[in-house]
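All residue numbers in this chain count up from 1 along the given sequence.
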Amino acid sequence: MAENTHRPVAVVTGGTAGVGRATVRQLAADGYDVAVLARGRAGLEGAAGDVRAAGRRALAVPVDVADAEAVEDAADRVERELGPVTVWVNAAFSGFLARFLDVSGEEFRRVTDVTYHGQVNGTRAALRRMCPRDRGVVVNVGSALSGRSIPLQSSYCGAKHAVVGFSESVRTELRADGSRVRVCTVQVPGLNTPQFTWVLNRMPGRPRPVPPVYQPETAARMIAHVARHPRRDTWAGVSTAYTILGNRLFPRFMDWYLARTGIDSQQTGEETPDRPANLFRPGDDETDAGAHGPFDDEAHGRDAFGWLVRHRAGLAGAGGGAVLAAAGLTALRRRTSA
C-alpha cells in the first residue's frame, strides 16, 4: 500500500543509464519519488540508490518496455507502492550502427519495438491511470533525429519520427476530450551516454555521438522542466535546433551534407570501453553503467540554448523571443556555411 506522503511520483523508463539515469537523478533532486523501469539489474540498483541518496523513495522494476503487459503490471506496482503517477518519462531505447542491409529483420524490429513501441506502451499505461484523475504529464523523449534522419541508424530514426507522429495524434485526442493530461515531447542532441559502448555495431570504427556532444544532464534538465511546465514539443541543444530547422529549410543540402559526413562522424578509431550489444539483453545487468559514456573530455555540460528555452517566460519582456530566434538562426547559418 502506498504511503500518503503527498510527494509527486515519477516513472522513468530506461532510467538506468544515459539520459534516463540523468533524468532519474534530476527528478529526485526536484522532489519526486521515482520508479525506474528497465532491464539491467545492476543499473536498477544504482538508479534506485541515486534516488534514495536524494532523500526520496525509489522503486526499481525489472521490465522490458517492449512487453505491453509487463509495462501495465509495472504501472500497477508503482501506484500500489509509491502512489498515483504524476509524471511518466519514456526514455528507453536501443539501436545499432550499421547500414540498413547489414541488419536482420529481427534486429531492426527489436530497435523499433523498444524505441517506438516502448513509448507507446508507456504512454498507454500512464494515460490509463492519469485520464480518470484528469491530471498528469507524459514526456516522450525524442531526438534531433526525429526531424532529420542520418545514415547508419535507420531503425532508430524511423522510431523517433514515429514517436512524434504518435504523440501528436494522442495529444489531439486528449484536447478533443477536454482532458488536462498533457503529452509532451523533448528532442535532444547527441549525448555522451553509455549507448556508444553497447550499441550493436557493424561498422569498422567504434560508435560515437555526432558532434557537438552534450552531457546527458543537459537533456535531463529540459525533461524535468517540461514535466513541471508542460509544452507540446521542446528542443534541447542548439544542434537540435539547427538540425531540425536545417532539414525544413534545406532538405536536399542536408541529404548531400550527411551523405558526405554522416558515416565518418559517427565513428572513432580510438579504443572505447566495450560491452555486449544490448538489443536482446541488458548492457548493465552485472555492472552499473551510470549516466555518462566515454566522451567526457569533449561533452558540453551547459546548454545556452536550453537555458533560453527554459527561461523564455522571464525573458519575454526583455525581448527573449528575439534572442532565442537569433540564437537558432545564427547556429543554422554556421552549419550551412560549413
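The 12-atom threshold is not exceeded at CZ of F100, counting heavy atoms of other residues, nucleotides or ligands nearer than 6.0 Å. At most 12 non-hydrogen atoms from other residues, nucleotides or ligands lie less than 6.0 angstrom from CD of E286. Annotation: R302, atom CZ; neighbour count of heavy atoms from other residues, nucleotides and ligands within 6.0 Å does not exceed 12. At most 12 non-hydrogen atoms from other residues, nucleotides or ligands lie less than 6.0 angstrom from CZ of R281. Surrounding CZ of R231 are at most 12 heavy atoms belonging to other residues, nucleotides or ligands under 6.0 Å away.
Partners of N121 under the side-chain hydrogen bond (donor to acceptor under 3.5 Å, both in side chains) rule, at least two apart in sequence or in another chain, are R124. With sequence neighbours left out, R109 forms a side-chain hydrogen bond (donor to acceptor under 3.5 Å, both in side chains) with no residue at all. Residues satisfying the side-chain contact (heavy atoms from CB on, under 4.5 Å) criterion with R180, sequence neighbours excluded, are D134. Not counting sequence neighbours, the partners of A92 by the side-chain contact (heavy atoms from CB on, under 4.5 Å) test are T13, V65. Every side-chain contact (heavy atoms from CB on, under 4.5 Å) that D67 has, sequence neighbours left out, goes to E69, A70.
A donor and an acceptor atom, one from each side chain of H225 and Q26, are nowhere located under 3.5 Å apart. Inspection of the Q187 and T240 side chains reveals no N or O donor paired with an N or O acceptor under 3.5 Å.
With T268 contributing its side chain and R206 its backbone, the two residues share no donor-acceptor pair below 3.5 Å. Between the N247 side chain and the G147 main chain, a donor and an acceptor come within less than 3.5 Å of each other. Looking only at distances, no side-chain donor or acceptor of R56 sits under 3.5 Å from a matching main-chain atom of V34. A donor-acceptor pair is defined here as one N or O able to donate and one able to accept, closer than 3.5 Å; such a pair exists between the side chain of Q266 and the backbone of P151. Checked by atom type and distance alone, the side chain of T123 pairs as donor or acceptor with a backbone atom of Q119 at under 3.5 Å. With hydrogens and angles disregarded, no donor-acceptor distance shorter than 3.5 Å links the side chain of R21 to the backbone of P216. At least one donor-acceptor pair closer than 3.5 Å links the side chain of S146 to the backbone N or O of S143. Without hydrogens or angle criteria, N278 side chain to G283 main chain gives no donor-acceptor distance under 3.5 Å. A donor-acceptor pair is defined here as one N or O able to donate and one able to accept, closer than 3.5 Å; no such pair exists between the side chain of K160 and the backbone of R148.
Put simply, the side chain of H292 reaches to within 4.5 Å of the side chain of E217, judged on heavy atoms. You'll find the side chain of V19 reaches within 4.5 Å of the side chain of I223, heavy atoms only. In this structure, the side chains of Q267 and L97 come closer than 4.5 Å at one or more pairs of heavy atoms. The shortest side-chain heavy-atom distance between H117 and T112 falls under the 4.5 Å cut-off. Side-chain contact between S149 and H161 is present, with heavy atoms from C-beta onward closer than 4.5 Å. Within the 4.5 Å cutoff, side-chain heavy atoms of I263 are placed close to those of L152. At a threshold of 4.5 Å between non-hydrogen side-chain atoms, the residues M222 and T218 do not count as touching. Contact check for P62 versus R41: side-chain heavy atoms found under the 4.5 Å cut-off.
One hydrophobic cluster, built from ILVMFWY side chains closer than 4.5 Å, cannot hold both W307 and V213; they sit in different ones. Hydrophobic clustering, with ILVMFWY side chains joined whenever heavy atoms are under 4.5 angstrom apart, keeps V164 apart from M254.
The two residues A291 and P194 come nearest to each other via the heavy atoms O-CD, 3.3 Å. Closest heavy-atom contact between A35 and V78: CB-CG2, 3.6 Å. Residues V226 and V137 approach most closely at O-CG1, 4.3 Å, considering heavy atoms. The two residues A58 and A48 make their nearest non-hydrogen contact at CB-O, 3.5 Å. A pairwise comparison of heavy atoms in G301 and R221 identifies O-NH2, 2.9 Å as the closest pair. Contact between N90 and G122 at its shortest, heavy atoms only, is OD1-CA, 3.5 Å.
Between N192 atom CG and Q215 atom CD the span is 4.5 Å, to the nearest 0.5 Å. T243 OG1 to W235 CH2: the interatomic distance, rounded to the nearest 0.5 Å, is 10.0 Å. Here the CG-CG distance, from L44 to L37, works out to 8.0 Å after rounding to the nearest 0.5 Å. How far CG of D102 is from CE of M203: 8.0 Å, rounded to the nearest 0.5 Å. Between the OG1 atom of T185 and the CZ atom of R171 there is a distance of 5.0 Å, given to the nearest 0.5 Å. The distance from the OG atom of S94 to the CH2 atom of W198 is 11.5 Å, given to the nearest 0.5 Å.
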**OP:** Determine, stepwise, if the pair V89 / V141 fulfils side chain to side chain contact (heavy atoms under 4.5 Å, CB included).
**Re:** CA-CA 7 Å; V89 178; V141 180; 3.8 Å; yes

**OP:** List the steps and the verdict of side chain to side chain contact (heavy atoms under 4.5 Å, CB included) for R129 and D76.
**Re:** CA-CA 9 Å; R129 290 152 183 85; D76 283 340; 2.6 Å; yes

Subject >> Residue pair R110, F280: steps toward the side chain to side chain contact (heavy atoms under 4.5 Å, CB included) verdict >> reply: CA-CA 8 Å; R110 176 60 181 168; F280 299 102; 3.7 Å; yes

Subject >> Pair E107-R202, side chain to side chain contact (heavy atoms under 4.5 Å, CB included): steps then yes or no >> reply: CA-CA 12 Å; E107 291 163 341; R202 296 239 164 86; 2.7 Å; yes

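Contacts classified as ring-ring contact (aromatic ring centres under 6.0 Å, His included) and involving residues 72-95 (residues at least two apart or in different chains) are given here: F93-Y156.
Remark: R208 qualifies as a cation-pi partner of F295 under the 6.0 Å distance and 45° angle criteria applied to the six-membered ring.
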